[in-house]
Structure formats: structure tokens, C-alpha cells
Amino acid sequence: MRVRFAPSPTGALHVGGARTALYNWLIARQSSGSFVLRIEDTDRERSTPENVAQVLDALRWLELDWDEGPYSQAERRPRHSEGIERLVAEGHAYLDEGATRLRVPDEGATVVQDVIRGEVTFEHAAIDDFVIARSDGSPLYNLAVAVDDRDMGITHVVRGADHLSNTPRQILILRALGADPPVYAHLPLLHGPDGKKLSKRHGAASVQDLRDAGYLPEAVRNYLALLGWGYDESTEFFTTEELIERFSLERVSKSPAVFDEQKLRWMNGHYLRQLPPEELTRRLEERLGRQGLEPAVRIAQEKMQTLNDFWQLAAFLVEPQPDDTAAWEKVMTDGAPERLRRAREALASAEPFDASSIESALRAVVDELGVKPRDVYQPIRVAISGGTVSPGIFESVAVLGREETLARIDRALERAAA
RNA sequence: GGGGGCGUGGUCUAGUGGUUAGGACGCCGGCCUUUCAAGCCGGAGGACACGGGUUCGAUUCCCGUCGCCCCUACCA
């Protein structure tokens with residue numbers, strides 16, 4: 001099995017293209033076949049080196065490795081020209097105002113055998129003699145695709161449903177060239193939340209955006225696999241090995257899907273929590289360009305859904321805490337300073353200064369004061385973290401260390417007295 | 001306009017000629033007598049786009065309608 005992913009480099013790789021690449025990659029790996037990467041860059045206006053680099057970067061980040069390429073379609077111009085000349089020479093195409101058109105039969109029909117959609121019939125009467133080469137001789141999309149797929153020995157063309165209507169044209173060219181068409185599979189399109197075809201206006205829709213937002217490539221692969229495909233009635237999590245083993249084009253759905261970042265977040269959180277703390281730390285330290293994050297990572301991990309959540313949740317453990325006026329006013333009510341003072345005393349003598357003895361010390365304060373746990377814990381949380389949300393309070397205090405914790409509480413006490 | 005595709009709760013999906021139409025995200029509530037975006041438990045929400053037909057019986061088969069999307073470029 002030889003498949004190809006043939007994006008036109010118009011900018012960042014969007015999730016729709018990423019899913020197409022993933023599906024191709026999965027069936028190539030499943031069949032021990034080849035995954036060919038071909039850049040459809042015949043439109044020089046849009047195909048810049050930067051755009052091509054973005055596509056390659058996105059695929060690398062997703063860890064979808066290709067076996068051949070990237071081939072440049074533009075560089076294959078000589079082959080396209082040969083095809084055009086042959087079609088004209090054999091009477092399958094003709095010149096019209098300088099451009100070259102394919103002669104489409106008036107009668108009959110071309111049937112596309114689609115793995116996902118079954119037989120799709122296109123009457124020739126509804127297909128005009130379309131242009132395959134501009135008047136300057138340069139090849140157009142349908143011609144280039146047909147010639148390249150043939151030359152590259154592509155056996156299965158798996159692409160978006162937006163190409164279904166172009167398929168009979170490509171088959172017509174292939175047949176005129178004396179070639180047998182490959183097997184086709186047209187994937188359902190991805191739409192935005194508004195039901196329209198996914199575009200750049202729909203938020204975090206590119207692979208680049210997902211990486212920047214702190215998603216894990218393995219989670220993105222799992223989520224994307226599920227956009228248009230389902231294995232059974234309840235399995236949602238698949239390792240990449242399982243995807244390779246279980247994926248099948250026959251089970252791909254026909255209807256368009258909407259990219260739902262909420263569900264991706266949920267799934268990403270699941271993957272994040274399964275990562276060994278050392279591994280998560282490694283990724284975070286590399287991403288943030290910092291060292292010594294492991295203690296903070298260990299206690300923040302269970303609440304993170306994306307890598308970016310870490311900083312929001314645990315920055316106070318690594319840097320001076322920011323002030324959050326709203327949190328302060330909500331928590332630092334009448335008796336709060338006194339409760340905080342009592343907590344400070346307990347923390348000053350807790351020994352050793354670890355989560356469990358800190359917990360005992362603070363629970364004792366809660367008992368002595370006869371208040372609700374939160375009445376003691378929240379003022380501490382605001383004092384050390386600046387906000388009302390943080391990892392577990394005992395663990396947070398332990399990671400911060402006695403000296404820094406007491407200093408921050410003292411500062412809060414001063415502020416409360418002022 | 002012509003051609004093509006698609007149509008299961010807000011979203012992603014499973015499914016069958018006879019099921020209480022299954023799972024998940026999200027949402028709501030509760031529990032974790034520390035917050036929470038984490039975890040656990042429970043709940044609301046769909047008669048399967050609509051109308052015919054075939055059938056003892058259709059979400060599942062056929063036809064039509066409607067809606068959405070794609071192609072119809074000397075873009076890809």
C-alpha cells in the first residue's frame with residue numbers, strides 16, 4: 001500500500017489536514033506500506049518556503065514520519081508537460097484560446113469506487129471539457145495530481161471530501177493516459193462550531209496553535225483519530241500502536257464533524273496525568289526554559305489539562321506570587337488575619353516541614369479555633385499564591401518551604417493590618 | 001443554475017428491520033468534611049432532519065422534500 005499526503009502549503013497546517021495526514025499514516029504503518037509526502041506547490045503565489053516549513057514542522061511535531069519526500073509538485077513540471085503533450089498528441093486534449101482542455105466524452109459516466117461512500121456516479125454530460133494547462137503551458141491541479149499519483153505508484157488516495165467532485169476528472173485523465181486509477185477514500189470534512197467549513201477564523205484550528213496551547217501530540221493524535229472514526233461503542237483512548245492496529249477506512253463516517261476543543265482539553269488532561277512526573281517535568285522545563293520544576297510539577301500535575309495550565313496553577317511556587325485583589329477581598333474577611341496568624345505559628349514549628357506534618361499542624365489549628373477547614377486554608381492560599389486556586393495547600397506550603405511561606409504570610413499580615 | 005456528498009441529544013460517536021437507541025465531551029447536582037479546571041457518583045437532554053412508501057413492525061430498506069457542505073477557476 002502506497003499512500004500520500006499532498007497538502008498545498010497555504011500556511012499553517014490545519015486540524016483537517018492533520019487528520020488526513022494521520023489517517024494516511026495509520027494505514028501506511030498498518031500495512032507496512034509507504035507514506036509519501038508531496039507538496040502541491042504549483043501555485044507559486046501561495047507556496048512560500050516558510051509555508052512549506054510550517055507544514056513539515058507540524059507533521060514532525062505530530063510525529064507522523066514520512067517514508068518518501070517531501071516531493072515538490074512544481075519541480076515535476078517536466079513530467080506534467082509530457083503528460084499534457086501526450087494527451088494532446090493522442091487526441092484526448094485540445095487547445096482552446098491557448099489553454100489546453102481535456103476532451104470529456106459527451107456520453108456515459110465515470111464511477112468513483114469510494115471505500116467510504118461506495119459507488120459515486122458522475123454523468124459526463126455534467127462535466128465540462130476542463131482546463132488542464134494554462135496558456136503558458138503550466139499544468140493545473142487535476143492534471144498534476146493524476147500524473148503524480150500515477151508516477152508515484154500511489155495505490156490509495158485518502159483525502160478530504162472536498163475532492164470528491166474532482167475525482168472523476170482525475171480518473172478521466174488517468175484513463176486517457178492509459179493508467180488504472182487508485183482506490184479512493186474521501187473523508188468527511190471538518191467544520192467549525194458554526195457548521196461551516198473549518199477555516200482560520202475558528203480559533204485554535206492549526207497544529208501550531210494546538211502546540212502553543214499546550215496539547216500533547218499523542219493526545220492530539222488520539223483526538224483527531226476520533227473525528228470521523230469510531231472503533232466500538234465505548235473505547236475512547238487508543239495508544240498510537242492501537243490506532244495503527246485498529247484503524248480502518250471502512251469504519252470512517254460519512255458526515256462532517258466539528259472540532260471540539262473542550263473534548264480535546266479533557267483528553268489531553270487524561271494523557272497529562274498518565275505521564276510519569278519526571279517526563280512531564282522534562283517537557284515543561286524544555287518548554288519554559290527553566291530548571292528545578294519537578295516539585296511544583298508533581299503537585300500541579302493532577303489539575304492540569306494542558307501544559308500551559310502549569311504556569312497558571314503553579315507559578316507562585318517558582319516566582320514571587322502575584323496579587324489578586326478579588327481573591328484577597330473574598331477571603332480576607334474579619335477574622336482571617338487572626339486565623340492566618342495562628343496558622344503561621346503552627347507552621348513556624350511544624351517539624352519536619354513536609355506535607356503530612358504541615359497537615360497535622362494546620363488541622364490542629366482548625367480544631368482549636370473551631371472553624372471550618374477552609375476558613376484557615378483559604379487565607380493561607382491567598383497569602384502564598386495570591387489566588388483562590390492552587391494545588392493542594394499542604395503540598396504547596398511544603399514545596400514553597402518554611403522560610404518563603406512564613407515570609408509571604410507575614411507580608412499578607414502586614415497588608416491586612418494596613 | 002448544474003452536478004455530487006451528507007443528515008443519530010449542543011458536540012464527537014456506537015448500533016440494529018422488533019433495543020428502555022449505547023458510550024464520551026460539555027452542562028446540572030452530590031461526594032471527596034481544603035479551593036479546583038482533577039477524581040468518583042447521579043441527573044437532565046435524542047423517538048434517530050421531515051413527509052410518504054415497503055413491511056406485522058423502520059432510526060435501520062426505497063422515493064421525495066428540506067437543510068448544510070463540496071465541485072462547477074487558465075486556485076489547490
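Numbers restart at 1 for each chain; the letters A, B, ... are given by sequence-line order, proteins then strands.
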Just to be sure I understand the rule, does [X] reach a base, reach only the sugar-phosphate, or reach nothing, if contact means heavy atoms closer than 4.0 Å?
X         : answer
His163(A) : base
Arg251(A) : sugar-phosphate
Arg273(A) : sugar-phosphate
Leu164(A) : sugar-phosphate
Phe394(A) : base
Gly228(A) : sugar-phosphate
Ser253(A) : sugar-phosphate
Ser390(A) : base

- Whichever of Glu236(A) and Phe122(A) has its nearest RNA chain B nucleotide further upstream toward 5':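 The 5'-side residue here is Phe122(A).
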- Message: Can you work out whether His270(A) or Tyr223(A) has the more 5'-proximal nearest nucleotide on RNA chain B?
- Response: Tyr223(A)
How many Å lie between [atom1] on [X] and [atom2] on [N], as a whole number?
X         : N      : atom1 : atom2 : value
Arg19(A)  : C12(B) : CZ    : C1'   : 12 Å
Asp129(A) : A73(B) : CG    : P     : 12 Å
Gln305(A) : C36(B) : CD    : P     : 15 Å
Phe238(A) : G23(B) : CZ    : P     : 16 Å
Arg159(A) : C71(B) : CZ    : P     : 12 Å
Lys263(A) : C12(B) : NZ    : P     : 10 Å
Leu190(A) : U13(B) : CG    : C1'   : 14 Å
His124(A) : C71(B) : NE2   : P     : 20 Å

Which nucleotide in the set [options] lies at the smallest distance from any side-chain heavy atom of [X]?
X         : options                : value
Val389(A) : A37(B), G22(B), C25(B) : A37(B)
Val258(A) : C6(B), U11(B), C69(B)  : U11(B)
Ser255(A) : U33(B), C25(B), U8(B)  : U8(B)
Tyr141(A) : C69(B), U34(B), A76(B) : A76(B)
Glu97(A)  : C71(B), A38(B), C74(B) : C74(B)
Asp260(A) : U11(B), G23(B), A76(B) : U11(B)
Arg117(A) : C12(B), C6(B), U34(B)  : C6(B)
Glu233(A) : U34(B), G22(B), C74(B) : G22(B)
Leu189(A) : C70(B), C6(B), U34(B)  : C70(B)
His191(A) : G4(B), U34(B), C68(B)  : C68(B)

- Going by heavy atoms in the side chains, are Arg4(A) and Asn24(A) under 4.5 Å from each other?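 Not in contact.
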- Task: Check whether any side-chain heavy atom of Glu123(A) sits under 4.5 Å from a side-chain heavy atom of Thr121(A), and report yes or no.
- Result: yes
- Point-to-point distance, once rounded to the nearest 0.5 Å, from CD of Glu82(A) to CZ of Arg76(A): 9.5 Å
Inter-nucleotide [atom1] distance ([N], [M]), Å rounded:
N      : M      : atom1 : answer
C71(B) : C25(B) : C1'   : 33 Å
C66(B) : G26(B) : C1'   : 29 Å
U60(B) : A49(B) : C1'   : 15 Å
A24(B) : C69(B) : C1'   : 26 Å
A58(B) : G18(B) : C1'   : 9 Å

- Syn/anti label of A24(B) as read from its glycosidic torsion, with the cut at 90° from 0: anti
Sort out the partner of [N] for me: Watson-Crick or G-U wobble, both distances under 3.5 Å, none otherwise.
N      : answer
A47(B) : none
G67(B) : C6(B)
U19(B) : none
G26(B) : none
G39(B) : C31(B)
U55(B) : none

- Please check if the distance between the ring centroids of Phe5(A) and Trp66(A) is under 6.0 Å.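 No: the rings miss the under 6.0 Å criterion.
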- Message: Using ring centroids (six-membered ring only for Trp), state whether Trp266(A) and Phe237(A) fall under 6.0 Å.
- Response: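 So the answer is yes for these two rings.
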- Task: Check the angle between the aromatic planes of Phe259(A) and Tyr223(A) and answer parallel, tilted or perpendicular using the 30° and 60° thresholds.
- Result: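 It falls in the perpendicular class, over 60°.
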- Item | N/O donor-acceptor pair, side chain Asn166(A) with base A76(B), under 3.5 angstrom |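 Indeed, a donor on one side and an acceptor on the other fall under 3.5 Å apart.
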- Item | Any donor-acceptor N/O pair under 3.5 Å between G22(B) base and Ser234(A) side chain | no
- Task: Find out whether the Lys NZ or Arg CZ of Arg38(A) is both under 6.0 angstrom from the six-membered ring centre of Tyr71(A) and within 45° of the ring's axis.
- Result: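 Ring-cation test returns no.
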- Item | Among Met304(A), Met267(A), Gln305(A), the one residue meeting side-chain contact (heavy atoms from CB on, under 4.5 Å) with Leu272(A) | Met304(A)
- Query: Are Arg246(A) and Glu241(A) within salt-bridge range, i.e. N to O under 4.0 Å?
  - Reply: no
- Message: When you measure from the side-chain N and O atoms of Arg265(A) to the phosphate of G26(B), is any distance below 4.0 Å, counting only OP1 and OP2?
- Response: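 Result: no.
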